[in-house]
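Here the structure comes first, spelled out in structure tokens, and everything after it is commentary.
Computed from a predicted model, the values in this text were never measured in an experiment. Order of appearance sets the numbers: ligands from 1, and atoms from 1 within every ligand.
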Amino acid sequence: MSDALNDALQRPLASLRLSVTDRCNLRCRYCMPEDEYVWLPRTSILTFEEMERLTGVFAGLGVHKVRLTGGEPLLRHDLPTLVAMIAHNPRIRDLAMTTNGLLLAKHAAALRAAGLQRLTVSLDTLRPERMLAFAKSARHADVLEGVAAARDTGFANLKLNTVVIRGFNDDELADLIEFGRRHDAEVRFIEYMDVGGATRWSMDQVVSQREMLEVLARRYGPIEPVHPIGGDDRAPAERFRLADGTTFGIIASVTAPFCRTCDRSRITADGTWFLCLYAARGIDLRDPLRRGVSDAELASLIRETWQGRSDRGAEERLGVADRGALYRIDSLRADPHREMHTRGG
Ligand code: SAM
């Protein structure tokens, strides 16, 4: 689009992650390892109408991709209604959702009927006992049922997100690729990131893209990169192909960050807008929204803010000596907006 709204590094405003709740029904060790959390106040959570309005203003400025996330988005009551409200906007050409799949079997058909186009299901392990140890949930079968329901409901290009952690699931890379092949889903291996919430992060638990490719090449033989042909070269995953044609992706946010092409920003469930997953502060859009400003005023606040954006959070983290967890638990408690489950993955 020639009239794209660019930031200070010439990156367009194109993709929005909308967190619909900060609540989650899993306690993944890499995201929510603590026993207790400070939640966003209930009255601060945006209504569907407020989310629809904000999305519409962003769409007017060039956003054409929206991904619903959280927390666990399916914990938000009546989510298909919000999907339908956003899908109604002709400027949103790609409407997707990331979910842990626990409640997906129940809602897949309604989400699709409402206009959700794409789904990513997080699946870190094929072994129920590992999920119990790592995410404090005995509901592995529900996730698998969710994946099957998504496929049977007709969601094409189903994706599976796997955060790879040394000593936990790094021996399951091939099993997950095989699972994806059987279920018509493409796996995306994600390097374990030092985002807010990952209070137990350390570099030695990160399995790099390079190491993943070496392990998979030993099992499958040569692996080819897949170059996007007229496709989305701003997508976070680099894609690869095995000799038999099976494709998979790797999101190398830690060892090979892709800030240069980042067109994404995030809105939390309480209407705080973050220009980078690592940003220290967000911009409060709820207050102007509830004060009754016009769409044009909201648009000019968003435009001016985006034009000044120069964040390169993941690249800056690369330069940190003795890199450890981004935040300690006390600073997460002081501001829950720093949490990954609030900011949206
Ligand atoms: N609850 C939904 C889910 O589980 O897919 C959506 C929110 S979750 C925060 C979004 C994605 O972020 C998931 O795929 C999750 O695995 C990923 N994620 C969370 N913490 C991460 C970390 N420390 N490093 C890499 N990915 C992480």
Side-chain angles (χ1 to χ4, degrees), residues 17-34 37 67-76 79 96-104 107 111 116 118-125 130-131 134-137 139-140 142-143 146-147 150 158-166 168-170 176 185-203 205-209 212 236-237 249-258 264 266-269 274 277-278 313-314 317 323-327 332 336-345:
R17 308 227 163 169
L18 182 60
S19 174
V20 296
T21 177
D22 58 334
R23 306 284 169 142
C24 194
N25 43 7
L26 286 184
R27 288 291 179 271
C28 301
R29 197 184 150 85
Y30 52 74
C31 190
M32 299 185 75
E34 311 302 329
Y37 282 92
R67 178 172 290 273
L68 303 179
T69 181
E72 171 47 39
L74 289 176
L75 287 181
R76 182 83 189 235
L79 192 68
M97 183 174 84
T98 305
T99 172
N100 62 30
L102 288 186
L103 299 168
L104 188 55
H107 296 292
L111 290 165
L116 189 72
R118 295 193 302 120
L119 264 176
T120 300
V121 181
S122 297
L123 179 68
D124 296 323
T125 177
R130 285 191 173 175
M131 180 170 171
F134 221 74
K136 298 186 189 158
S137 170
R139 297 176 60 189
H140 192 262
D142 292 348
V143 182
V147 171
L158 191 63
K159 288 182 197 151
L160 302 173
N161 268 2
T162 303
V163 181
V164 182
I165 301 188
R166 194 178 308 285
F168 163 58
N169 61 352
D170 52 333
L176 284 155
E186 189 173 282
V187 186
R188 269 141 165 67
F189 298 116
I190 308 177
E191 289 181 353
Y192 179 18
M193 294 170 70
D194 53 345
V195 286
T199 46
R200 300 183 189 176
W201 187 92
S202 62
M203 194 66 201
Q205 297 171 79
V206 177
V207 181
S208 68
Q209 158 161 287
M212 291 187 222
I250 300 183
I251 302 182
S253 333
V254 177
T255 64
F258 32 84
R264 285 173 294 288
R266 305 177 139 76
I267 299 183
T268 60
F274 285 92
L277 193 50
Y278 287 93
R317 293 293 294 162
R323 188 168 172 183
L326 182 65
Y327 292 115
L332 291 174
H337 291 99
R338 294 173 175 150
E339 296 274 10
M340 177 75 156
H341 68 265
T342 305
R343 216 162 263 210

Show the distances, to 0.1 Å, for all pairs joining an N/O atom of ligand 1 and a protein N/O atom that are shorter than 3.5 Å, listing one pair per line.
| from | atom 1 | to | atom 2 | distance (Å) |
| --- | --- | --- | --- | --- |
| ligand 1 | 1 (N) | G71 | O | 2.9 |
| ligand 1 | 1 (N) | E72 | OE1 | 3.1 |
| ligand 1 | 4 (O) | S122 | OG | 3.4 |
| ligand 1 | 5 (O) | T99 | O | 3.4 |
| ligand 1 | 5 (O) | S122 | OG | 2.6 |
| ligand 1 | 14 (O) | S122 | OG | 2.8 |
| ligand 1 | 14 (O) | N161 | ND2 | 3.0 |
| ligand 1 | 16 (O) | Y30 | OH | 3.2 |
| ligand 1 | 23 (N) | Y30 | O | 3.0 |
| ligand 1 | 23 (N) | M193 | O | 3.0 |
| ligand 1 | 24 (N) | M193 | N | 2.9 |

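The aromatic rings of Y37 and H341 lie perpendicular to each other, with more than 60° between the two planes, well past the 30° mark. The aromatic rings of Y192 and Y30 sit perpendicular to each other, their planes meeting at more than 60°, with 30° as the lower class boundary.
For Y327, there are no ring pair (Phe, Tyr, Trp, His ring centres under 6.0 Å) partners, not counting sequence neighbours. Qualifying ring pair (Phe, Tyr, Trp, His ring centres under 6.0 Å) partners for F258, counting only residues two or more places apart in sequence or in other chains: none. Residues passing the side chain to side chain contact (heavy atoms under 4.5 Å, CB included) test with T120 are R67, T98, K159, N161, sequence neighbours excluded.
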Audit row: L74, L111, side-chain contact (heavy atoms from CB on, under 4.5 Å) steps and yes/no: CA-CA 10 Å; L74 289 176; L111 290 165; 3.9 Å; yes
